[in-house]
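Contents: one structure, followed by commentary.
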Amino acid sequence: MRSTVLTDEPGQDAYKAPNPGISAASPRRTGGDLVQLISPEGERISHPEFDLWVSDVTDEQLCSLYEDMMVIRRIDAEATALQRQGELALWPPLLGQEASQIGAGRALRDDDFVFPSYRDNGVAYCRGVEPTDLVRAWRGNASSGWDPYRHNIATQQIIIGSQSLHATGYAMGIQHDGADSVAVALFGDGATSEGDVNEAMVFAASFQVPVVFICQNNHWAISEPVRIQSHIQIADRASGFGIPSMRVDGNDVLAVLAVTRIALDRARKGGGPTFIEAVTYRMGPHTTADDPTRYRDANELEDWAAKDPIARLKALLRTKGLLTEEVEAKTQAKADEVARNLRAGVINMPDPAPLDLFKHVYSTPNSWIERQKDHYSRYLESFSGSTQEGAL
Amino acid sequence: MRSTVLTDEPGQDAYKAPNPGISAASPRRTGGDLVQLISPEGERISHPEFDLWVSDVTDEQLCSLYEDMMVIRRIDAEATALQRQGELALWPPLLGQEASQIGAGRALRDDDFVFPSYRDNGVAYCRGVEPTDLVRAWRGNASSGWDPYRHNIATQQIIIGSQSLHATGYAMGIQHDGADSVAVALFGDGATSEGDVNEAMVFAASFQVPVVFICQNNHWAISEPVRIQSHIQIADRASGFGIPSMRVDGNDVLAVLAVTRIALDRARKGGGPTFIEAVTYRMGPHTTADDPTRYRDANELEDWAAKDPIARLKALLRTKGLLTEEVEAKTQAKADEVARNLRAGVINMPDPAPLDLFKHVYSTPNSWIERQKDHYSRYLESFSGSTQEGAL
Amino acid sequence: MSKLTFARAINAGLRKSLENDPKVVLMGEDIGALGGVFRVTDGLQKDFGKHRVVDTPLAESAIIGTAVGLAYRGYRPVCEIQFDGFIYPAFDQIVSQVAKMHYRTQGRVKMPITIRVPFGGGIGSPEHHSESPEAYFTHTSGLRVISVSNPQDAYTMIQQAIASDDPVLYFEPKRRYHDKGEVDETADLSTALSMEKARVVTPGSDVTLVTYGPLVKTANDAAMAAADEGVSVEVIDLRSLAPIDFQAVEASVRKTGRLVITHEAAQSGGLGAEIAASITERCFNYLESAPVRITGFDIPYPYSKLEMHHLPDLDRILDGVDRALGRGNSLSGLEG
Amino acid sequence: MSKLTFARAINAGLRKSLENDPKVVLMGEDIGALGGVFRVTDGLQKDFGKHRVVDTPLAESAIIGTAVGLAYRGYRPVCEIQFDGFIYPAFDQIVSQVAKMHYRTQGRVKMPITIRVPFGGGIGSPEHHSESPEAYFTHTSGLRVISVSNPQDAYTMIQQAIASDDPVLYFEPKRRYHDKGEVDETADLSTALSMEKARVVTPGSDVTLVTYGPLVKTANDAAMAAADEGVSVEVIDLRSLAPIDFQAVEASVRKTGRLVITHEAAQSGGLGAEIAASITERCFNYLESAPVRITGFDIPYPYSKLEMHHLPDLDRILDGVDRALGRGNSLSGLEG
Ligand SMILES: Cc1ncc(C[n+]2csc(CCOP(=O)(O)OP(=O)(O)O)c2C)c(N)n1
Ligand SMILES: Cc1ncc(C[n+]2csc(CCOP(=O)(O)OP(=O)(O)O)c2C)c(N)n1
Ligand SMILES: [Mg+2]
Ligand SMILES: [Mg+2]
């Protein structure tokens, strides 16, 4: 595995060896090599082994990956704009992580099941979630936007790392069913510090269940650089649990596709869990409420802009003569249309009704809820005929 | 590091490599070699590196380690007997783990601070805790037996793994103080699955604080063999956090002494945390309430009896001509005396007074507690003069 | 009808659920070969296999968190938390995931998870083994919480809990595990009393005494002792702690005008507070005296030599009954 | 005197504590360069260094667990939990360690840990960012729990909390962070009102209205509106939630005979239950009507478009006042 290695890793200090002269086992690095199939300049780097896993990717499919990344970036930008305009309460941009999310999302089979975090809108898009449904919760119209069973993707998790356990449990279910689908957990670099993510690896390894952990190391957990979570590479965490890991250039959509397919294939064949670290960068703020100028250097952002995942694929397409005017126009049109629909969907979204408050707390009737609902509806009715009626 | 490796590891399955043909980084084993300085037959195995760390151990000190192990085994046996006789409510025997505990305990400096679990009575003994104080909580006379600041050892933790974080925090304090003492966390193999232990490693590695994690892998967590927690060696867990680890024969008191000293020395010199796996065996039940015949094979116990930590040291002493009648008699006398005192201490332990209930809930007066105490003392007084008086 | 201990009754109920529904999976620490530290799952792994009765690694958050994933996949996990005091590492998964998933997904994802918790004191255990954490969960919207007081209910209600599409915390009074009682294993579940309903276990007319779990037996004993003194105590076993069957309590208090509540958990913010407040709201005009709470003190669970002072017993309950009745009691003469 | 926002007042109090005691250490997620997501720790890392204002890895259990170790070593850690809904992963460390260590060690080991928690709703946030988990902690013996309602108290009480040898949960009403108020930064801490004491913030004679944290402002507004209708409402800001200063509430209720309690947390098992129960116990004969609770519903905190229906507001509080007074209200004519 001799793929090019990204040179600058601003977030990661080299591990400092303990006192010399002491022969105690020192931590070895695994996954130190970064899988890369497209260079930052857009050159296709061939690799005898990983190439096998993307050899079926036709030119057309390359263009389609490009379209996905363009569309999701556009959705992201539109949602950010909608937030700025007061139409959404908050939005967590994925800008810069398009290759990680589309590469992972497009590797999946329909019957795989994804447990995403709040930032994984690109993966949700790949699962067929409607863009309007992506923002429903961020507008405050619902606590989640879609039916997990319709798209085989859970709702977005906000409690950091929690979903890693859900994915592992789901994979226990898959194993129990004797099925060959896979559960996928998505989380960030910060999440690797949470007990839950580590416990998930314990369970996944103990039961050897078909789960893939995909950690998008975007170098930041809000204002904290990844070196606060770990001085060594995130991918190395997995080996201590007996879980093989791969470290991939998360801004290289082909490489992410390849390693995700490898991990999924291993899981399907009974090979157990795999951990993937997709090394990428959060180019935007943590959320629209965040101000990254308070904690990070503009230079760092510039460095990473040079490794932009879309620019990279674009360059490759250009070299391959695939970036025709027609493709550009079609992609643009698709992105425009999706953005238009998203905007329209948001603006026309009906507000929830007050008594929706009490829906779905339980799946069966509950005396406490019924009573409170009854009282609150009487309360609302008590305003009827008064001047405040219109307010309801 | 070519010390002999214990051949049979009943609790640990070999790690199964993932699908062949996939070149993804597979977990490497670190700490795979078991540090051993005394063979199960009692031969001194010389090792150029580790020998250095025990070269100061005189014959006299070897005898003293022997005495410690004999005494603590005797305390353990006496406490077990006291429990059987109804004098203690419960007791968690350490039988078989004497070398791990005395080796670790005797490596410490007075100003180091230990955070032990319920089973670490041997370490507490090394810290100078009175045997009677060791059993106070198990009799139900107090929630803990000693003053942590008097012996620089915290009270015994029951919530599995919790103390690993306390040790790490204490080490943060040491670092902050610029001191060169070390915090030590002791826990079992089962504990490595808890989120807290993993988070402790995250913090310890992030801040590079002077903490040593000592995991006594006694092959069982109540009824669960260690392979349920991990298919790979426990010591390997640490490397994924960037923490060096050592794996030591936990039934070899000299080897445990050596590796603990190495880890302490590294911590004192600013080298950060170290993880030690002491491979040993719980020869008794989990606690006196447990019945291991329900879940484990008698053969396994036999195998491990052949590696008994005390028998091993005894054999070495015999070979070295140190096991004189005098030493035997002195050791026996000491053990007898300690056991006698323990028994007397237990039997003469005064019962707590009812209103002790309300002591120390807070360190400053608290209106709720005062009121409840007042009410309860009135309640108790309400029986005065009645036939039930004697019952108070 | 057979005479079973509490522990065997739960075991029989679990067995029935495992037999009836292939989606039922048991998981926890030491529940396999050992059969759990209280033997409640004795023999089940042997009979249903390691895939249905799963010894998990030692991590409570993961036990509940993976149960959430299993529920997502259509399973009905039954998780054992070994002792009350070990449920806290799983608190986040219970409160933020198990309790909220159905609401979060607008009813699309059900969480038919049962969490079995041996709880309460009185068995001479060290720290963390005698807690009564039920109020943390009854204050958590989205959970159902039940507690059982006799082998028959234990047998029936564990099956009801498992069959429920909502998550259920099932609190087992560990000091009663060895108590025996008649259990009808043939009874039809569909006609059994709903698990939301309380039950009058001793009828009476002077004072209503409300409790649940381990103290139902103590409360009945107290009622008998009171009867000897000519006081008629109506004992209600709540069975469901969330929601509480306030109608049942209300009906009783309208009759008696007096209420005593007893539980082992600390007084402040315990279930007694909710019951006293709700019943005062619902039948203020019927109350002859303030509801009385006889509970554990606001202290960490004490070491075992003192636990009998912490735990409400017959005498303390009777003192509370006297207070409710305005008869001489330990606080007579005290204001406020 | 200076006019400070709530957030700046806490900041100033933290700064004072850092200055006065070298053992004070702040720890949490994003509290350094960012100054916390609410900027409460703004500038403190710059001024006191990375060793005293520590950005920790993302793990709440570890934040509290290492604080326990630091306290063992003689430090006074002040931990920030970023939002209310993220305290649950630390629940075990708080309940089993922080709360019990002093009792466990018979007073030998003190736990002077302050846990700062921005809490409550009303800021249009997504799930887990608007919770009111205080009742979980007030039910946990060994903890002190306080909540502040104005910049002056925020400033003073954060220092009192840090100076306390007992662990303190310090709940900050996040929706009030930008509210301004006079703060006397020179006031002598030793003469300040004890943090165990409640305060009458609006005197009145007809009804006692008890609350804390974010709703104190709302309650005062309600009292003003009631005054317009000729009803005199006495508003009490509890300040301390554990222990509650029941003497203060009692004194008021003996005067008014009527009690309304309001909080954002769910009703069942919320603080309102404890207050209603305790006050009924303490002044049953003075009560003219049942204590009324105006609270959040027994539902998970709802998505933000509905949160104004969940949160008690002026109108709902006035409806409760009417109920306490037996005047026409939304439940008039309903029985029980
Ligand atoms: C348990 C918990 N603690 C804290 C937070 C607040 N928080 C939200 S996002 C975040 C940083 C997450 O970083 P990372 O895991 O790297 O994911 P990223 O945001 O970079 O995608 C934090 C601390 C939370 N949501 N949940
Ligand atoms: C959080 C928590 N969960 C469960 C338990 C119950 N329990 C007590 S000891 C034990 C096994 C611990 O095994 P290990 O860590 O290997 O230590 P050992 O007992 O072998 O010394 C368990 C599950 C507990 N005390 N704390
Ligand atoms: Mg990140
Ligand atoms: Mg063990």
Side-chain angles (χ1 to χ4, degrees), chain C residues 60-61 85-96 99-100 103-104 127-128 133 135-136 138-142 242-244 246-247 250 261 265-278 280-285 287 289-293 296-302 335-336, chain D residues 60-61 85-96 99-100 103-104 127-128 133 135-136 138-142 242-244 246-247 250 254 265-278 280-285 287 289-293 296-302 335-336:
Chain C
E60 289 76 12
S61 186
F86 310 145
I87 199 167
Y88 308 125
F91 201 70
D92 179 56
Q93 285 289 342
I94 297 174
V95 166
S96 295
K100 298 190 169 78
Y103 195 70
R104 175 180 306 151
E127 258 202 313
H128 311 293
Y136 295 130
T138 57
H139 183 53
T140 304
S141 308
I244 287 171
F246 281 123
Q247 273 161 358
E250 203 179 323
I261 309 139
Q267 175 161 308
S268 288
L271 252 70
E274 180 57 41
I275 297 165
S278 282
T280 305
E281 275 162 25
R282 290 168 182 244
C283 24
F284 186 72
N285 292 325
L287 279 176
S289 63
V292 172
R293 293 181 282 170
F297 301 112
D298 288 340
I299 61 175
Y301 196 88
E335 250 259 87
Chain D
E60 289 76 13
S61 187
F86 310 145
I87 198 167
Y88 308 125
F91 201 71
D92 178 56
Q93 284 290 341
I94 298 174
V95 167
S96 296
K100 297 191 171 80
Y103 195 71
R104 175 180 306 152
E127 257 201 313
H128 311 293
Y136 295 131
T138 57
H139 183 53
T140 304
S141 308
I244 288 173
F246 281 124
Q247 272 160 359
E250 203 180 324
R254 286 191 183 212
Q267 174 161 309
S268 288
L271 252 68
E274 180 58 41
I275 297 166
S278 283
T280 305
E281 276 161 25
R282 289 169 183 245
C283 25
F284 185 72
N285 292 326
L287 280 176
S289 62
V292 172
R293 292 180 284 170
F297 301 112
D298 289 338
I299 62 174
Y301 197 88
E335 249 258 88

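What's counted below: heavy atoms across the whole structure, side chains too, no hydrogens, waters or symmetry copies. Below, read A as the first sequence line, B as the second, and so on, with proteins coming before strands; counting in each chain starts at 1.
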Exercise. Please answer whether the main-chain N or O of D:G269 pairs with a side-chain N or O of C:E274 as donor and acceptor at a distance below 3.5 Å.
Key: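 It does hold such a pair.
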Quiz item: Taking 4.0 angstrom as the limit, do D:K100 and C:E127 come out as a salt bridge?
Solution: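 Result for this pair is no, no salt bridge flagged.
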Taking every non-hydrogen pair under 4.5 Å, which of [options] racks up the most with chain D?
options                       : answer
C:Q93, C:E60, C:R104          : C:R104
C:G272, C:A265, C:P300, C:A99 : C:P300
C:L287, C:I275, C:V292        : C:L287

Non-hydrogen atoms of [X] and [Y] that approach each other most closely:
X      : Y      : result
D:P302 : C:Y103 : CB-OH, 3.8 Å
D:Y88  : C:S96  : CD1-OG, 3.4 Å
C:A276 : D:A277 : CB-CB, 3.7 Å
D:H139 : C:A266 : CE1-O, 3.4 Å

Can you tell which part of [X] gets under 4.5 Å to a heavy atom of chain C, answering side chain, backbone, both or neither?
X      : answer
D:I87  : neither
D:T138 : backbone
D:P243 : neither
D:Q247 : neither
D:S61  : neither

Quiz prompt | Partner chain C: residue of D:A242, D:A135, D:S268 with the largest heavy-atom pair count (under 4.5 Å) | solution =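 The residue among D:A242, D:A135, D:S268 with the greatest pair count is D:S268.
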Self-check item: Among the listed options D:N285, D:I94, D:T280, the residue most often paired with chain C at heavy-atom distances under 4.5 Å
Solution: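 Sorted descending by pairs with chain C, the first entry is D:T280.
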Quiz prompt | Contact origin within C:Q267 toward chain D - heavy atom pairs under 4.5 Å | solution =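 For C:Q267, the contact with chain D is made by backbone and side chain together.
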Exercise. Report the relative orientation of the aromatic rings in C:F91 and D:Y136; use parallel for angles under 30°, tilted for 30 to 60°, perpendicular for over 60°.
Key: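 It falls in the perpendicular class, over 60°.
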